Amino acid sequence: MTLKFYNTLTKQKQTFEPIDDKNVRMYVCGPTVYDYAHIGNARPIIVFDVLFRLLRHTYGADHVTYVRNITDVDDKINARADKEGISIAEVTKRTTDQFHKDIKALGVLEPTVEPRATDHIKEMIEMNKTLIEKGHAYVAEGHVLFSVPSMRDYGRLSNRTLDEMIAGARVEVASYKKDPTDFVLWKPSSGNEPGWESPWGFGRPGWHIECSAMSEKYLGKTFDIHGGGIDLTFPHHENEIAQSRCAHGTDHMANLWMHNGFLQVEGEKMSKSLGNFITINELLEKWPGDVLRLNMLRTQYRQPIDWTENGLDESYDALKTWYSRCEFGKANELDETVFNALADDLNTPKMIAALHQLKGDGLAGSLKALGFTGNLDDPRLNSLDETAIQALITARNQARADKNWAESDRVRDELDVMGVVLKDGPDGTSWEAKR
RNA sequence: GGCCUCGUGGCGGAGUGGCUACGCAGCGGAUUGCAAAUCCGUGUACUCCAGUUCGAUUCUGGACGAGGCCUCCA
């Protein structure tokens with residue numbers, strides 16, 4: 001029952017040994033709630049949900065604490081509220097609600113705690129105070145800045161040295177920074193920017209400090225796993241480590257750092273300018289959540305994934321086959337072959353191969369434990385008139401019984417135009433929505 | 001320029017120093033009024049060049065190629 005994971009910190013796959021196997025602790029960076037979540041945002045959510053499930057299976061559901069935050073203070077949110085002429089609170093509420101709805105449809109469990117940044121300003125201010133006291137941060141023009149040179153081994157996670165960073169710095173350096181690599185812990189707010197009173201004046205926190213403050217509150221000064229997208233490795237996670245370690249005087253923050261790879265759409269980087277920006281919400285209008293979930297897991301989490309229509313078709317077919325081979329019921333245990341695949345650095349392609357070899361309760365139990373619902377109903381079904389469809393099918397079967405093939409085919413074509421595909425089996429005729 | 005990840009059949013995607021997954025598509029067959037669906041069977045691959053080795057897709061070095069980060073993007 002050993003789990004092995006690739007650790008970004010050590011650049012190797014290693015055996016997972018929790019600090020306390022009665023309370024395995026994991027933190028994952030959640031969304032910044034300024035816009036609908038896109039399919040790229042869904043990747044870490046799904047990947048670490050699978051990890052959460054694996055940990056619960058291994059150590060017991062009551063022995064895993066999973067924290068996934070909501071970042072509800074950020075300049076992107078301010079910009080969005082400005083643009084739409086609504087309040088910041090409206091933006092974050094609307095976006096957060098939609099986010100919850102989206103990921104629920106993807107079969108994602110709720111984390112143990114889902115802290116919001118704005119509920120933890122006090123903790124962030126305290127941490128900043130500590131960093132200043134210990135000489136790791138300083139105040140300048142209403143800002144609090146982290147002094148990167150004050151930390152000897154800054155850069156271990158992203159594997160870069162201070163010299164490299166200074167040499168590679170391409171951004172214009174703000175005049176109040178003592179060192180170009182220093183980053184913001186607190187910044188002043190004015191006008192209609194959100195802000196809170198602090199020892200350094202009215203202002204708001206920098207991005208990185210929130211995760212340090214919230215992870216400490218719910219998981220302690222050190223914990224087991226920290227996850228997120230690979231783009232967060234630098235600077236976000238590097239800076240979290242700097243803040244937490246320097247504030248607490250510890251030699252590590254999390255033992256294991258896991259990062260999921262990026263997602264492309266039909267071979268191209270997803271971006272608004274290319275017009276291939278897909279939200280979870282949009283996909284759910286056409287595809288059942290189970291299909292999106294499986295499609296995300298067809299690629300091992302560290303590899304880049306190419307999100308394609310063809311892939312979704314294949315995922316749909318695979319699920320259809322599996323669901324025809326089993327009955328979702330009481331069984332909810334992972335089959336050993338499925339577990340073993342996941343235990344090897346979340347090898348989900350291997351897991352899928354294992355699922356293809358299963359049937360009955362072993363298959364149903366594994367699928368259920370993995371977060372699949374067994375429901376492949378087309379989300380667009382509601383718009384189709386089931387009574388009319390049934391009437392047409394009955395009419396067609398009468399025509400077939402009369403060997404009136406012309407009429408039978410005509411009805412089938414009529415249904416086809418309605419978006420209904422027929423399947424004649426030994427037990428009669430069934431139908432599904434055309435994709 | 002620096003750092004990281006990776007190059008497996010038509011496609012997706014595991015894995016291994018010799019026995020070469022799995023899925024999809026294709027092809028052949030069964031079934032079907034005809035399709036679809038379903039079932040059975042089946043071919044095809046390890047980027048290139050050196051080296052180590054009895055033997056490398058798997059190890060080492062190099063070349064070429066792809067993607068990412070270095071800009072508060074998951």
Side-chain angles (χ1 to χ4, degrees), chain A residues 6 8 11 28-32 34-35 37-48 71 73-76 155 157-161 163-172 181 183-184 187 205-210 227-236 238-239 259-264 267-272 277 294-295 297-306 308 310-311 313-318 320-322 324 341 344 347-357 399-406 408-409 412-413 416 421-426 429-432 434:
Chain A
Y6 181 85
T8 308
K11 315 262 181 298
V28 172
C29 293
T32 299
Y34 69 101
D35 200 356
H38 57 69
I39 189 62
N41 293 313
R43 192 170 190 192
I45 301 293
I46 292 174
V47 163
F48 292 107
T71 298
V73 51
D74 186 277
D75 289 355
K76 287 195 291 289
L157 181 71
S158 53
N159 195 29
R160 62 193 77 206
T161 66
D163 289 346
E164 280 170 12
M165 277 180 289
I166 292 163
R170 295 191 302 203
V171 281
E172 203 175 317
T181 57
F183 58 88
V184 172
K187 56 187 164 189
W207 177 34
H208 313 301
I209 194 70
E210 62 171 88
I230 192 162
D231 58 311
L232 296 180
T233 309
F234 186 91
H236 186 53
E238 197 70 77
N239 291 350
H259 292 100
N260 62 272
F262 252 51
L263 175 147
Q264 293 191 308
E268 287 187 307
K269 181 167 177 156
M270 184 165 60
S271 73
K272 286 184 175 162
F277 202 84
L294 179 64
N295 199 239
L297 298 176
R298 298 197 329 149
T299 305
Q300 203 261 358
Y301 76 97
R302 287 192 283 127
Q303 306 294 35
I305 181 172
D306 190 15
T308 63
N310 185 48
D313 278 331
E314 283 192 26
S315 299
Y316 178 87
D317 287 342
K320 202 164 62 172
T321 303
W322 291 341
S324 74
D344 180 17
N347 192 333
T348 50
K350 208 170 171 183
M351 163 196 97
I352 289 170
L355 289 169
H356 278 298
Q357 306 309 314
R400 291 172 72 207
D402 298 341
K403 297 200 190 301
N404 184 350
W405 309 130
S408 155
D409 290 350
R412 185 166 65 197
D413 289 344
D416 186 74
V421 179
L422 299 181
K423 291 189 291 186
D424 297 324
T429 302
S430 63
W431 63 277
E432 64 183 40
K434 187 166 69 175

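Excluded from the calculations below are hydrogen atoms, water molecules and symmetry mates; all remaining heavy atoms, backbone and side chain alike, are included. Source: prediction; values computed, not measured. The sequence lines fix the lettering, A, B, ..., with proteins before strands; numbering per chain opens at 1.
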message: A quick test of your reading: do over 12 heavy atoms of other residues, nucleotides or ligands sit less than 6.0 Å from NZ of K403(A)?
response: no

Give a yes or no on whether a donor-acceptor pair under 3.5 Å exists between the nucleobase atoms of [N], that is its base, and the side chain of [X].
| X | N | answer |
| --- | --- | --- |
| R302(A) | rC6(B) | no |
| K11(A) | rC3(B) | no |
| R412(A) | rA35(B) | yes |

Name the nucleic acid region contacted by [X], choosing base, sugar-phosphate or nothing; use a 4.0 angstrom heavy-atom cut-off, strictly under.
| X | answer |
| --- | --- |
| L422(A) | base |
| R43(A) | nothing |
| K320(A) | nothing |
| H208(A) | nothing |
| T299(A) | sugar-phosphate |
| G40(A) | base |
| Y6(A) | sugar-phosphate |
| K403(A) | nothing |
| I352(A) | nothing |
| D424(A) | base |
| D409(A) | base |

query: Can F262(A) be classed as stacking with the base of rA74(B), given a centroid separation cut-off of 5.5 Å and a plane angle cut-off of 30°?
result: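 A stacking contact exists, since F262(A) sits close and nearly parallel to the base ring of rA74(B).
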
Would you mind telling me which of [options] lies closest to the side-chain atoms of [X]?
| X | options | answer |
| --- | --- | --- |
| W207(A) | rC73(B), rA74(B), rG67(B) | rC73(B) |
| E314(A) | rA14(B), rC24(B), rC72(B) | rC24(B) |
| P349(A) | rA14(B), rA74(B), rC72(B) | rA14(B) |
| A353(A) | rC72(B), rA21(B), rA14(B) | rA21(B) |
| S408(A) | rG12(B), rG33(B), rA14(B) | rG33(B) |
| R400(A) | rG33(B), rA74(B), rC22(B) | rG33(B) |

Grab the [atom1]-[atom2] distance between [X] and [N] for me, whole Å please.
| X | N | atom1 | atom2 | result |
| --- | --- | --- | --- | --- |
| F234(A) | rA74(B) | CZ | P | 17 Å |
| Q303(A) | rA66(B) | CD | P | 18 Å |
| D306(A) | rC6(B) | CG | C1' | 15 Å |
| Y316(A) | rA37(B) | OH | P | 12 Å |
| H356(A) | rG12(B) | NE2 | P | 16 Å |
| M351(A) | rA14(B) | CE | C1' | 13 Å |
| D231(A) | rG67(B) | CG | C1' | 14 Å |
| L263(A) | rA74(B) | CG | P | 13 Å |

- request: Without swapping roles, check the side chain of E238(A) against the backbone of G155(A) for a donor-acceptor pair under 3.5 Å.
  value: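 Checking the backbone N and O of G155(A) against the side chain of E238(A), a donor-acceptor pair under 3.5 Å is found.
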
task: Check for a donor-acceptor pair, side chain of N295(A) on one end and backbone N or O of G311(A) on the other, with a separation under 3.5 Å.
output: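 At least one qualifying donor-acceptor pair exists.
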
If the condition is side-chain hydrogen bond (donor to acceptor under 3.5 Å, both in side chains), which residues does [X] pass it with, not counting sequence neighbours?
| X | result |
| --- | --- |
| H236(A) | H208(A), E240(A) |
| R43(A) | none |
| D402(A) | Q398(A) |
| K423(A) | E432(A) |

[atom1]-based separation of [M] from [N] [nearest Å]:
| N | M | atom1 | value |
| --- | --- | --- | --- |
| rC48(B) | rU38(B) | P | 37 Å |
| rA21(B) | rG15(B) | P | 15 Å |
| rA37(B) | rG43(B) | C1' | 25 Å |
| rA50(B) | rG10(B) | P | 24 Å |
| rG23(B) | rC59(B) | C1' | 30 Å |
| rA63(B) | rC3(B) | P | 14 Å |
| rU58(B) | rG51(B) | C1' | 15 Å |
| rG17(B) | rU57(B) | P | 14 Å |

5'-to-3' dot-bracket of RNA chain B (Watson-Crick, G-U; under 3.5 angstrom; crossing pairs as [ ]; | other strand): (((((((..(((.....[...))).(((((.......)))))....(((((..]....))))))))))))....

5'-most by nearest nucleotide on RNA chain B - V184(A) or T321(A):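 Checking each residue's closest nucleotide, the 5'-ward one belongs to T321(A).
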
- prompt: Does a nitrogen or oxygen in the side chain of N159(A) sit under 4.0 Å from OP1 or OP2 of rC4(B)?
  reply: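 So the side chain of N159(A) is within the cut-off, an N or O lying under 4.0 Å from OP1 or OP2 of rC4(B).
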
Spatial distance of atom OH (Y34(A)) from atom CG (D74(A)) [nearest 0.5 Å]: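 Between atom OH of Y34(A) and atom CG of D74(A) there are 8.0 Å.
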
Set of ring pair (Phe, Tyr, Trp, His ring centres under 6.0 Å) partners for H259(A), sequence neighbours left out: H237(A)

- prompt: Is there side-chain contact between F262(A) and I230(A), with at least one heavy-atom pair below 4.5 Å?
  reply: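 Result yes, sub-4.5 Å side-chain heavy-atom pair found.
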
message: I'd like to check T299(A) versus L263(A) (side-chain heavy atoms, cut-off strictly below 4.5 Å). Are they in contact?
response: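 Answer no - side chains too far apart.
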
